[in-house]
Amino acid sequence: MSSGLIKPQTLKGFRDYLPPLALAREHILEVARQVYRSYGFTPIDTPALEYAEILLGKGGTESDKQLFRFTDQGDRDVAMRFDLTVPFARFAAQHFNEIGTPFKRYHQGTVWRGENTQRGRYREFMQSDFDTIGTDSNASDIETLLVIHDLFGALGFDRFSIRVNNRMVLNGLLEKLGLAERTAQVLRALDKLHKIGRDGVIAEMGEQAGASPEQAARVLEFAALTGSPHEILDHLQPLLAGSAVGEEGIARLRELFNAVATAGIATDRVGLDVSIARGLDYYTGTIYETFLTDDPTIGSVCSGGRYDNLAGLFTSQKLPGVGASLGVDRLLAALEKLGQISAASTPAPVLVVLFDESCLGQYLRIGRVLRAAGINTEVFPDSKKVGKQLQYADRQGFQFALIAGSDEFQSGTWKIKDLKSGEQLSVAEADLVSTIRSKLNSK
RNA sequence: GUGGCUUUAGCUCAGUUGGUUAGAGCGUCAGAUUGUGGAUCUGAAGGUCGCGGGUUCGAGCCCCGUAAGCCACCCCA
């Protein structure tokens, strides 16, 4: 008999979300949505499946290998999106005449990469992106940084750091060193500075980019600069003199850090890090990475940057832009490790005990009263013993149980039991909402 | 895609040099005389020892393959 059962299992890199994790993830998405909207970003959505050529277009051979790709029932060559940026490029090109510019959108969705798994790295995961396209203005670069900052603040993080750099500075440097041809390889090596150290970087630059030890050392000299953003910029300025892109990069960074300071952002949360380069080669200007101070090993939890031309593969319209992507599942993995995920399995603070089955209507009615007041409320479905129902309430993580039997109905009152403290008080129905509300607010 | 480590109940693990019906804690469910939980006590359910092959009289324990998880490379959220 049982041999006929199908073994319940999920695919490698794919996973289920139980209530505590699902609640935490929805919370992150909701907070992000609010922050984006507060800056005027508007939502869009695109299909999970695209023509393979759309996603392959950008031609990173690495991402090609990671594509979930197949032939559909109509014999079309299709693939699952592996990020939200390429679909956005297609979207922008396709709807250019309808959206107008500048265009600020956010997009939260699932993406798929057939990559090997690790903690915080899955084959199916969510991204929460926001971008501003159709403008070159540094104001948008600065705003992007503010959004990232507000995002982590709103999520309740105190300890995080946003590292900023500018590709123009790096390009200016490489130009002056005669390494402009091998930009991608050099930057990829440089990006690993924190991981493989100085000698490792020099070795890799030699092997991968054909850089001489002298050239590599000069690159590292830049990357090793530390201090306040303006101190670093002061050091860089003379070294990049004569390089047009380099100087522009310096100027944009200077303006950015000035504005950030003026806007009142704590200086320890935002820093200039000349060694971050981002692997993706479509970034051309400002680049961002965000690290959690308490779990830096998980990697960047929010990354992005400025690009010259988002949709060049799909339209001759030039669409510069800047944006970033929040790694929702990576952030969740970090929160999990840090023990920050609440054990509660319910989004409702109040459980109404089904004490007397003959009064079911009363319990359902009071549930509606509380919900109308914005208080999520569940009514227990079985008339089990009160103890059982309270046990359920406690284990699911409810904060209050509402109990009423014949005594209470006679006097028009409800008993509110605080599941944490065990305290219980009787209140008239007219005061029920305000009492619960004030108790919730005082937490 | 490459390499290393791991895989026994829902979870965390024990299982002696391979030897009869595989254990514990936690969790779940049910009770401890019918209006109050998180403590304690009692009891129950729950495992083809990841899966498939092999060696052996006999394998959770040895060998091979395979899958998944973790770590590193690669890349990245």
Side-chain angles (χ1 to χ4, degrees), chain A residues 1-3 5 7-16 18 25 28 32 60-66 81-85 108-129 184 188-189 191-192 195-196 200 204 208 276-281 283 288-292 297-304 324-334 337 343 351 353-356 359 380 383-409 415-424 426:
Chain A
M1 292 299 146
S2 63
S3 63
L5 292 177
K7 185 180 177 189
Q9 57 182 345
T10 48
L11 288 164
K12 176 183 175 73
F14 291 70
R15 59 188 193 145
D16 292 323
L18 271 66
R25 186 169 77 164
I28 291 172
T61 51
E62 199 60 46
S63 45
D64 288 6
K65 278 187 290 184
Q66 297 178 359
R81 65 184 178 204
F82 64 92
D83 71 8
L84 298 177
T85 304
Q108 300 184 313
T110 308
V111 303
W112 296 268
R113 292 181 195 174
E115 190 184 21
N116 247 347
T117 54
Q118 257 180 59
R119 183 173 69 93
R121 304 177 61 164
Y122 311 101
R123 291 187 164 180
E124 176 180 70
F125 59 96
M126 281 203 99
Q127 289 192 324
S128 173
D129 279 29
R188 196 160 290 160
D191 208 34
K192 294 179 195 163
K195 209 179 263 179
I196 62 179
E204 181 161 335
Q208 302 293 323
I276 71 160
R278 306 286 311 131
L280 292 174
D281 41 9
Y283 290 123
Y288 317 86
E289 290 196 339
T290 311
F291 291 86
L292 299 180
T297 59
I298 196 105
S300 174
V301 287
C302 186
S303 311
S325 176
L326 179 68
V328 177
D329 287 277
R330 190 172 273 195
L331 194 55
L332 270 181
K337 183 184 174 191
L351 178 79
V353 171
L354 181 52
F355 181 72
D356 180 348
C359 298
F380 198 80
S383 62
K384 289 190 182 172
K385 289 184 177 177
V386 174
K388 284 291 164 202
Q389 298 191 44
L390 290 177
Q391 192 174 56
Y392 166 83
D394 185 54
R395 288 182 179 161
Q396 295 298 308
F398 287 89
Q399 296 176 50
F400 302 105
L402 228 52
I403 307 168
S406 54
D407 296 352
E408 285 77 14
F409 288 126
K415 281 218 167 73
I416 305 173
K417 186 175 182 77
D418 183 324
L419 275 318
K420 282 243 164 50
S421 67
E423 286 165 15
Q424 185 167 287
S426 234

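Throughout, a chain's letter reflects where its sequence line sits, starting with A, and its residues are numbered from 1. Note that these values count all heavy atoms, side chains included, but never hydrogens, waters or copies made by symmetry.
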request  = Please state whether the phosphate of rA68(B), meaning OP1 or OP2, lies under 4.0 angstrom from any side-chain nitrogen or oxygen of R15(A).
outcome  = no
ask   = What integer distance in Å separates K385(A):NZ from rG35(B):P?
value = 9 Å
remark   = Rounded to whole Å, CD of E423(A) lies from C1' of rG38(B) at a distance of 15 Å
Nearest-nucleotide pick for L419(A), side chain only, options being rG37(B), rC70(B), rG35(B) = rG37(B)
ask   = From rA77(B), rC74(B), rU36(B), pick the nucleotide closest to the side chain of F125(A)?
value = rA77(B)
request  = For N116(A), report the nucleic acid contact type (base, sugar-phosphate, nothing); a contact means any heavy atom under 4.0 Å.
outcome  = base
ask   = Considering only rA77(B), rG38(B), rC74(B), which nucleotide approaches the side chain of E204(A) most closely?
value = rC74(B)
task = Describe the nucleic acid contact of G13(A) in one word from base, sugar-phosphate, nothing, applying a heavy-atom distance below 4.0 Å.
result = sugar-phosphate
query = Would you call V353(A) and F380(A) a side-chain contact if the rule is heavy atoms closer than 4.5 Å?
reply = no
inquiry  = Regarding R395(A), tell me which of base, sugar-phosphate or nothing describes its non-hydrogen contacts under 4.0 Å with the strands shown.
reply    = sugar-phosphate
note = In whole angstroms, the gap separating P of rC71(B) from CD of E115(A) amounts to 13 Å
ask   = For the pair made of CD in Q118(A) and P in rC74(B), what is the distance, rounded to whole Å?
value = 11 Å
query = Going by an N to O cut-off under 4.0 Å, is there a salt bridge joining E408(A) and K415(A)?
reply = yes
query = Closer than 4.0 Å, any side-chain N/O of K12(A) to the OP1 or OP2 of rU66(B)?
reply = no
request  = Rounded to the nearest angstrom, tell me the gap between atom CZ in F14(A) and atom P in rA67(B).
outcome  = 16 Å
query = What is the nucleic acid contact for Y122(A), judged by heavy atoms within less than 4.0 Å: base, sugar-phosphate only, or nothing?
reply = base
note = Applying the Watson-Crick and G-U criteria (both distances under 3.5 angstrom) with [ ] for crossing and | for other-strand pairs, one obtains for RNA chain B (((((((..((((.....[...)))).(((((.......))))).....(((((..]....))))))))))))....
message = Working to the nearest 0.5 angstrom, can you tell me the gap between D329(A) CG and I28(A) CD1?
response = 8.5 Å
query = Looking at R119(A), does any N or O in its side chain come under 4.0 Å of the phosphate oxygens OP1/OP2 on rC71(B)?
reply = yes
Nearest-neighbour nucleotide for the T117(A) side chain, rC76(B), rG1(B), rC70(B) considered = rC70(B)
query = Passes side chain to side chain donor-acceptor pair (under 3.5 Å), S300(A) versus E289(A)? Steps please.
reply = CA-CA 6 Å; S300(A) 174; E289(A) 290 196 339; 5.1 Å; no
Between OG1 on residue T110(A) and CZ on residue F14(A), distance to nearest 0.5 Å = 10.0 Å
inquiry  = Side chain of S325(A), heavy atoms from C-beta onward: which of rC75(B), rA77(B), rU36(B) has the nearest atom to it?
reply    = rA77(B)
note = In whole angstroms, the gap separating P of rA77(B) from CD of Q127(A) amounts to 7 Å
message = With rounding to the nearest 0.5 angstrom, report the CD to CG distance, Q391(A) to L419(A).
response = 11.5 Å
ask   = Quick one: CG on N116(A) to CD on Q66(A), what's the gap to the nearest 0.5 Å?
value = 10.0 Å
query = Is the phosphate of rA30(B), meaning OP1 or OP2, less than 4.0 Å from a side-chain N or O of K388(A)?
reply = yes
remark   = Taking rG38(B), rG1(B), rU36(B) as options, the one with an atom nearest any side-chain atom of Q391(A) is rG38(B)
key: Residue I403(A), side-chain atoms from C-beta onward, closest of rG35(B), rG37(B), rC75(B)   = rG35(B)
task = Indicate whether OP1 or OP2 belonging to rU36(B) is found under 4.0 Å from a side-chain N or O atom of Q424(A).
result = no
query = So how far is it from R15(A) CZ to E124(A) CD, rounded to the nearest 0.5 Å?
reply = 9.5 Å
query = CZ of F398(A) versus C1' of rG37(B): gap in Å, rounded?
reply = 13 Å
ask   = What nucleic acid atoms does K417(A) come within less than 4.0 Å of, heavy atoms only: base, sugar-phosphate, or nothing?
value = base
task = Would you tell me if any nitrogen or oxygen in the side chain of K384(A) comes within less than 4.0 Å of OP1 or OP2 on rA30(B)?
result = yes
inquiry  = Between R121(A) and E115(A), does any NZ, NE, NH1 or NH2 come within less than 4.0 Å of an OD or OE carboxylate oxygen?
reply    = yes
ask   = Please give, in whole Å, the distance from rG38(B) P to D394(A) CG?
value = 8 Å
